[in-house]
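Below you'll find the structure, written out as structure tokens, and then a few comments.
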Amino acid sequence: MKLLSMLLLLMLLTRVSGAACDIVIGSSHREPLTNASGSGIVDGLVVEMFHRIGHSACITPLPAERSLLNANSGITDGDILRVREVIVSGRYPNLHLVPEVLYPLPISGFTRRNDLQPKALADLVPLRIGFVTGWKILEEQVKAVEISRVRGVEELFALLAEDKVDLVIYERLTGQHLLEQLGIEGVRVVDPPLLVTPQYLVLHRRHQALLEPLAAALRAMKAEGGYERAFRAAGVGAPKFR
Amino acid sequence: MKQGSRLSFRLGRKLALLSLLIGLLMLPLLGGLALWKNYAAQMLLRSEQIDEIANASLPALREALWLGDNALVASYLDGLMNYTDIARVELRWAGEIKPSQVRGERPSSGESVLERRIPINRTFKGRDVVLGTLTISLSLARTQAQLRRDIWHILLTQLLEMGVLATLILFAYQKLAGQRLQAMSTVMDRYRAGQTDARMASANSGAIDVSDELDELAAEFNALLDSQQGYTDELRATNSRLSEEVAERRKAEESLIQTRDAAEAANRAKSVFLANMSHELRTPLNAILGFSSLMRREPQLTDTQVESLDIINRSGEHLLALINDVLEMAKVEAGRLQLEIAPFDLGGMVHDVADMMRSRAEQKGLYLQLDQSSQVPRYIFGDQARLRQILVNLVGNAMKFTQTGGVIIRLSVKQDDRQYLLIEVEDSGPGIGPEDQERIFKPFVQLAKVAEQKGTGLGLTITKQFVELMGGRIAVESTLGNGSLFRVELPVELADLPTAQPAENREVVGLAPGQRAYRILIAEDQHENQLLLSRLMDTIGLETKVAENGEHCVRLFQEWHPDLIWMDRRMPVMDGLEATRHIRLLPDGGKVKIVAVTASAFKEQQQEMVAAGMNDFVAKPYRFGEIYDCLERQLGLKYVYRSAAVEAAAVPVMPTAVALPADLKRELRDSLERLDSERIAVLLDQIGQINGDLAATLSHLAKSFNYPAMQRLLDESGDTGQ
């Protein structure tokens, strides 16, 4: 008993110091979902999930593709917020999916025009549309009179600011946060989101044994309300699971 | 240009050529080195070029790889291809997680490229993460083209350098050594030309300031010339002395040559004289012998007259033998000796000689042994008379010097590339010293003391000449006190058939019945000889006419048409040869038999006569039998002989020597062995006083030198005289 309490103390100290994580998870997302210090909304959820199964995890920001590549090649232990298709495609054979949706990512339209209220992708056809290149789902599904593809989100919003496009498509929370950061005014988010894509935590295959326990931990967090609280604490609305 | 300067230039040229040659030999090595250096520099440049390109593009590529953006990677690779000489770039993602990006073609087998493989890493969380590998291939085509251009450049440059170096060496040599050597050569030329004070001088024309080897050489050279001058003077004096001596010797030599020429001319004159003398001597001898023989046949002669005639005849025969001996030598010296080759009975001849000599040996208390190999052929081709003379000379000589023991005649054959007859005559005499062995074959050399000397001293000389003429060799082996061995080696040719032995000399007294009277013309200028021949013809009842000279002979031939002409060779007005030629051209001139009667002893003259158209030949002095034999040959005459008549009547009373006193017989035998014809004649005279018939028979035999028959007659008397 005495030994167990000593061990717990040691674990706690280790976690608090943050000096050594036994799990490193890459993240290519931005504030508020994730940040460089690993204290974003989703970062906190993932750290808690690992904590619940007895691991200390750190979140490290990486470019989107690199995060997958590193996880696949075992440089990192996993990647957060990935769609199921990443696993199904077979392009990253070493990655496995934690079978519980980590976050249903809303993809919304951003526009300066008040008259636009598209409800679905099909409503975009008569418009000039912009999005970040590499978003496969958008590249496949968006049909519009004019499509502009740009390398980054800053350029995307610049297009919008310069009125070169009618509407840009981007992830809702991050987009909104960025607009604030950049001080761009007159842009509104079109609700509801045009798409919601369920995102998962993926792990290198060496952690196959952790998949189920982590899913269980996430479900428990959702059931306990801790999951929702984490979003609320960040000042954004909790995601809805349909 | 003088020889000296040519020499120095040649040396300079050689030096320059040598350096050029060494340079050319070094060219591949030096050129190769330079080329390699160039190549290495080029490769270093290319390597640096790749590094620069890589360094310039790596950060961006690293970022693109980090981002995992293959499109971005592709665009960077496109950018890399814009660099000069980049043939190909390839980027492989670590773990092949994305398809490799390749730009450019893989180089063909002949194309050279410089390839650089650069791993692209990035530190992540304190560790090195390999993102991918960039491979850059740089084409070396331009580098190689540059190198090819450089080869010619380097070669030309080095050749130029060599040429310049060789020229510099030539100039340096000329400056440092050539001019001074040339100067030395000039001094030498001047010295040779007689300017004996010519010396190498320094710049200030004082003593040479020795600063290098050539100065040393010049100083030594001067010293040499100084000493040379002394030698030259000495040599000149010696040379002048020698010249004088040479001139004197030349004079002496010329005088010697003159003397020699005179001696040779005298010798030739002697030979000609001897030949002529023999002719001149034979002609009167012919008359002496002929007429004494004719007179001897006269039945009415008194015994004293017969004796006197015999003395005349024998003295004539002896004189003839002496003349013949001297004449043989004259022939030898004149080089006109010719062999008379005919088949003959070798065995018979050797036995005759041995028999003849044996009794003489026994007389002296010596043995004479004939040791004849069974392989010695009986009949051979050869000059019987001369071979006989060789044998008689050798055996006679051996006996002459041997006082105890005896003489062995050995006959054998030796088969070499051809067959040789070996005749060895070995005696147990006093032997011949080494110095005398050389001399004995020379003419007129006699080893006996002067008082004991006999004969002409020509025996061994003639023997040697005969042997050599027969193609053989004669040698002597002897040591003083141990006897001598004369060895004769003669090439021999076998004769198959024994030839008919000449008939015994028989006295012709007339023609056999039933033959016509042949007409015989005698062309002869000497009255004695005309008479002699006429008598001989008359004796047998032939019709004769005499012509005084050739012209007369031709006229008489046309008028009288003789059957045979005895033709003297030497005649006034027209000689025998010309007369013969004339006659042969006349009608019926081809039918008449013409026989030369000549005192010439030389064979070629006989051939000349045959060539002129003569049928036969009889030498003066002739025996009557020869004249009659010739008539028998030419006209087919048959004779009646006196001997046949005598034999028929006197067979029961054959002359015998039994009745002769033993002393007389022994002395005759001794004289026969010694071939002492003079003494034989005297003894025959004495015998004539005791037994006329015996003396006549012996005289008849002696006339024909048939000494063996005389020996046999003595032997048959039963008294060996011992």
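Both backbone and side-chain heavy atoms feed into the values below; hydrogens, waters and symmetry mates do not. Chain letters run A, B, ... following the sequence lines, proteins first and then strands; every chain starts at 1.
A distance of 11.5 Å separates OG in A/S73 from CH2 in B/W93, rounded to the nearest 0.5 Å. Residue A/R91 holds its CZ atom at 5.5 Å from NZ of B/K98, rounded to the nearest 0.5 Å.
With a 6.0 Å radius and a threshold of 12 heavy atoms from other residues, nucleotides or ligands, B/Y83 has its OH atom above the threshold. With a 6.0 Å radius and a threshold of 12 heavy atoms from other residues, nucleotides or ligands, A/R206 has its CZ atom above the threshold. The environment of CD in B/E105 is sparse: at most 12 heavy-atom neighbours from other residues, nucleotides or ligands sit within 6.0 Å. No more than 12 heavy atoms of other residues, nucleotides or ligands shown are found within 6.0 angstrom of CD on B/E213.
Considering only heavy-atom pairs separated by less than 4.5 Å from chain B, the leading option among A/T60, A/T76, A/N72 is A/T60.
Residue A/R66 forms a side chain to side chain contact (heavy atoms under 4.5 Å, CB included) with just one option from B/D69, B/L65, B/L67, and that option is B/L65.
Only the side chain of A/L62 comes within contact range of chain B, with at least one heavy atom under 4.5 Å from a heavy atom of that chain.
The side-chain hydrogen bond (donor to acceptor under 3.5 Å, both in side chains) search around B/N38 returns B/D150, not counting sequence neighbours.
For residues 119-130 of chain B, heavy-atom neighbours of chain A at less than 4.5 Å comprise B/F124, B/K125, B/R127, B/V129, sorted by residue number.
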